[in-house]
Amino acid sequence: MISMSPRMIYIAKLIDAISKTSATVLLTGETGTGKELIARAIHQESPRAQKPFVAINCGAIPAELMERELFGHVKGAFSGAHQNSIGKLEYADGGSVFLDEIATLPLPLQVKLLRVLQEKTFEPVGSLIPRKIDVRFIAAANVNLLDEVQKGLFREDLYYRLNVVPIHLPPLRERREDIRILFEHFIDMYSGKYKKRITGISEKTIERLMAHSWPGNIRELQNISEMLVVLAEDGSSIDTDSLPDGISEGCGDEPASYVDALRSFEKEFICKILNETGWNRTEAAKKMGIHRNTLTGKMKGLGILKPAMG
């Protein structure tokens with residue numbers, strides 16, 4: 001982790017402490033704040049480091065396939081099941097499982113996951129014989145799970161089973177002291193990857209980055225850094241004229257409030273991605289790194305409607 005933020009320094013110390021245990025961890029925070037990076041750090045610093053780290057995006061796998069993905073199946077369990085197949089939980093035995101977007105897990109599977117957390121056993125699809133596993137669970141959510149519990153979309157007992165060690169990752173706009181060092185790190189990283197020599201970064205560029213609201217958080221900063229290196233000429237420097245549209249210029253009329261400014265940028269960003277994907281919500285959500293349901297909710301909240309065709 002690269003950070004000067006007191007909150008992130010505290011999280012680093014917390015990772016060091018909990019890595020030595022097998023306690024279940026619940027990571028929360030906005031999309032792009034680095035939840036998978038933290039999960040991998042917990043695994044790599046643990047005694048399980050030599051065993052598999054298996055990341056599962058619960059929002060990216062169709063509900064009808066998720067059970068087989070998690071638990072595997074036995075031969076003959078369904079049409080086309082010509083042989084036994086182990087699931088990701090069994091593959092991760094001895095290691096760690098990272099369940100991203102846990103809030104999107106269907107309720108019937110939440111019941112089965114709760115049993116795994118309680119008893120460390122499961123049955124593959126089509127089998128009645130329990131299998132025992134030793135897995136450390138790390139879950140992540142970019143929504144408030146207690147709100148999901150109140151709506152009846154997430155089991156309360158599962159929430160408390162997951163929330164043994166809660167870690168909330170702050171958005172980048174709340175740790176602006178990290179923007180410079182993260183940007184410089186990404187520029188160095190991609191300079192090496194693309195074999196480009198970047199001679200410097202102007203202070204005005206840093207000021208523009210510091211003024212930006214970063215709705216996509218670290219992932220957005222990383223993507224912009226890569227784009228700047230890819231487009232830069234070898235031996236050139238990074239200046240404001242290289243920055244993409246939408247990065248704050250720090251001038252012009254002031255928005256009514258910080259919340260209004262953030263809402264305005266988020267609406268502009270979502271419309272841009274929707275236009276790029278022909279208003280295909282599934283593709284747009286994938287491009288933004290969020291679940292389709294999350295995108296639909298944001299569109300409704302921001303009043304974004306698909307333009308009439310013709």
Side-chain angles (χ1 to χ4, degrees), residues 1-16 19 27 29-46 49 52-55 57 60 96 98 100 138 140 142 167 169-248 265 269 272-273 276 286-290:
M1 280 196 319
I2 299 170
S3 180
M4 296 171 58
S5 159
R7 175 62 184 167
M8 295 306 295
I9 292 170
Y10 167 77
I11 288 174
K13 292 178 180 177
L14 192 58
I15 290 171
D16 186 57
S19 294
L27 303 172
E30 296 178 8
T31 297
T33 49
K35 294 186 286 294
E36 184 168 345
L37 177 69
I38 299 298
R40 289 183 181 276
I42 292 169
H43 174 74
Q44 289 298 328
E45 294 299 317
S46 77
F53 174 88
V54 177
N57 188 324
S96 304
F98 175 55
D100 198 8
I138 306 170
N142 55 18
I167 299 178
L169 300 180
L172 189 55
R173 63 183 174 274
E174 293 179 9
R175 43 181 286 215
R176 292 185 181 275
E177 62 267 48
D178 288 341
I179 292 174
R180 179 192 290 270
I181 58 172
L182 284 168
F183 183 64
E184 290 174 347
H185 165 72
F186 290 139
I187 293 295
D188 285 344
M189 181 175 78
Y190 288 117
S191 296
K193 178 178 179 180
Y194 295 111
K195 296 180 172 53
K196 294 276 187 80
R197 185 173 59 91
I198 303 299
T199 58
I201 302 168
S202 75
E203 198 59 33
K204 190 66 176 177
T205 297
I206 298 297
E207 290 174 9
R208 291 268 293 272
L209 296 174
M210 293 288 284
H212 186 51
S213 60
W214 299 110
N217 292 296
I218 298 173
R219 183 182 296 133
E220 182 186 2
L221 178 61
Q222 182 172 353
N223 289 345
I224 286 174
S225 304
E226 182 174 14
M227 182 204 72
L228 291 174
V229 173
V230 167
L231 298 180
E233 293 184 7
D234 189 34
S236 66
S237 62
I238 303 293
D239 207 344
T240 53
D241 56 1
S242 306
L243 293 174
D245 294 339
I247 297 298
S248 175
F265 182 87
F269 175 75
K272 176 177 178 292
I273 300 300
E276 289 175 358
K286 187 184 298 183
K287 194 167 184 178
M288 286 186 276
I290 61 176

Exercise for the section: Determine the minimum heavy-atom distance between S202 and D239, stating which atoms define it. Expected result: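 Smallest heavy-atom distance, with atoms named: OG-OD1, 2.9 Å.
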
Item to check | For M227 against S242, the heavy-atom pair lying closest together | outcome: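 That would be CE-O, 4.1 Å.
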
[Y] and [X], any side-chain heavy atoms less than 4.5 Å apart:
X	Y	result
E30	E174	no
R219	M288	no
P170	I11	yes
K35	I38	no
L172	T33	no
L228	L243	yes

Euclidean distance, [Y] [atom2] relative to [X] [atom1], rounded to 0.5 Å:
X	Y	atom1	atom2	value
I198	D234	CD1	CG	7.5 Å
M4	I2	CE	CD1	12.5 Å
L169	N217	CG	CG	9.5 Å

(message) Tell me whether E177 is salt-bridged to R7, with the criterion being a basic N under 4.0 Å from an acidic carboxylate O.
(response)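 Answer for the salt bridge query: no.
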
### Query
Between the side chains of T31 and N142, does any donor sit under 3.5 Å from an acceptor?
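Side chains of T31 and N142: pair found under 3.5 Å.
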
Q: For the residue pair F53 and F98, categorise the inter-ring angle as parallel (less than 30°), tilted (30 to 60°) or perpendicular (more than 60°).
A: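 Rings of F53 and F98: parallel, as their planes differ by under 30°.
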
Item to complete: Could you check whether the rings of F186 and Y190 sit parallel, tilted or perpendicular, using 30° and 60° as the cut-offs?
Response: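 Rings of F186 and Y190: tilted, 30 to 60°.
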
Under 3.5 Å, is there a donor-acceptor pair between the side chain of R176 and the main chain of H212?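 The answer is yes, because a donor-acceptor pair under 3.5 Å joins these two groups.
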
Test log, rule side chain to side chain contact (heavy atoms under 4.5 Å, CB included), inputs I187 and E184: CA-CA 5 Å; I187 293 295; E184 290 174 347; 5.7 Å; no

